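Computed from a prediction, not measured in an experiment: that's the story for all the values here.
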Amino acid sequence: MSAPFALMYHSVADRRPDPHGLCVPPRTLAHQLDTLRRRGLRGVSMADLMAAHRSGSARGLVGLTFDDGYTDVLDAAEVLAERGFGATLYVVAGRFGGTNDWDDSGWPLLTAAGVREVDALGIEIASHTLTHPHLPRCPPDRLRAEVADSRAVLQDLLGHEVPGFAYPFGDEDPAVVEAVAAAGYREAVRADTGAPSTSAHPELTVPRSYVGPGDGPVRLTAKHLRHQLSHQLSHRRRRRAEGVAPRRNRP
């Protein structure tokens, strides 16, 4: 079964400078979500998307995700609520009340109280490690801590299970994915590289399409159509691997 459709956001603000194109102003986010709705898509959390995916009912759903846990996610929450959309926020659990020091931008991150507030608004909280490192570069002990301890911190903070994880910088390899599996996560997301995952844990390598401030209706539509085409090609490859001939060649 091919991966469901998911989008990757970061900051919801009009920041300058923004060298990596990670800041989507609230008004732009609103226009983007309206574009998705016009295409018959409803935004949901990754937990809801993956549950629907497992039951074969993910058609018409798109996972909306926000990485890092910036304070401006509260602006995103308002835009989402106005449309009845859900989402997932991936939090760096060892940096509450700090800044995104992994790229020296100095953007403020939610405090622990802020994370609880977002959780209370109905946005899923999931893990983005403790400190946002490149996980494939971490020695085994640190890798385990970044993956497992971040989940424990969030579960203690929120008082409920945290099933989701996002790989910082989109970096993952087989050892990292195995660490995520060992920590008990049910789903994890990566950056969409355009290539299908070959992992033994497909639900722990779900691709997401990046969304930036320049993604208007045409580009968002193209991302969705690309995903649909990828789904069709993946389905055909799977059928061939199972020895099922294409329909047009059957008698």
Q.
According to salt bridge (charged side-chain N to carboxylate O under 4.0 Å, His left out), who are the partners of R59, at least two apart in sequence or on a separate chain?
A. none
Q) Could you walk me through whether R186 and R54 pass the side-chain contact (heavy atoms from CB on, under 4.5 Å) check? A) CA-CA 12 Å; R186 288 203 302 270; R54 294 179 193 110; 4.1 Å; yes
(Q) To the nearest 0.5 Å, what is the distance between CG on L29 and CG on L33? (A) 4.0 Å
Q. What distance do M50 atom CE and S55 atom OG have between them, rounded to the nearest 0.5 Å?
A. 11.0 Å
(Q) Quick test of your reading of the model: are E78 and R83 salt-bridged, counting only N-O distances below 4.0 Å? (A) no
(Q) If the threshold is 4.0 Å, N to carboxylate O, is there a salt bridge linking R208 and D67? (A) yes
Q) Charged N to carboxylate O under 4.0 angstrom, E161 versus R151? A) yes
Q: Starting from the C-alpha separation in whole Å, work towards a yes-or-no answer on side-chain contact (heavy atoms from CB on, under 4.5 Å) for D215 and K223.
A: CA-CA 10 Å; D215 285 318; K223 291 175 193 288; 3.4 Å; yes
**Q.** Salt bridge flag under 4.0 Å for residues D18 and R16
**A.** no
Q) Which value, rounded to the nearest 0.5 Å, describes the distance between E172 atom CD and E178 atom CD? A) 11.5 Å
Q. Salt bridge between D149 and R144, side-chain N to carboxylate O under 4.0 Å?
A. no
Q. Mind checking who shares a hydrophobic cluster with V92, ILVMFWY linked at side-chain heavy-atom distances under 4.5 Å?
A. M8, L22, Y70, W102, W107, L109, F169, Y210
Q | Heavy-atom closest pair, residues V118 and L110 | A | CG2-CD1, 3.9 Å
Q) Do S57 side-chain atoms and H53 backbone N/O form a donor-acceptor pair below 3.5 Å? A) no
Q) How about H224 and F5: are their ring centroids closer than 6.0 Å? A) yes
Q. Could you give the distance from OG (S105) to NE2 (H10), rounded to the nearest 0.5 Å?
A. 11.0 Å
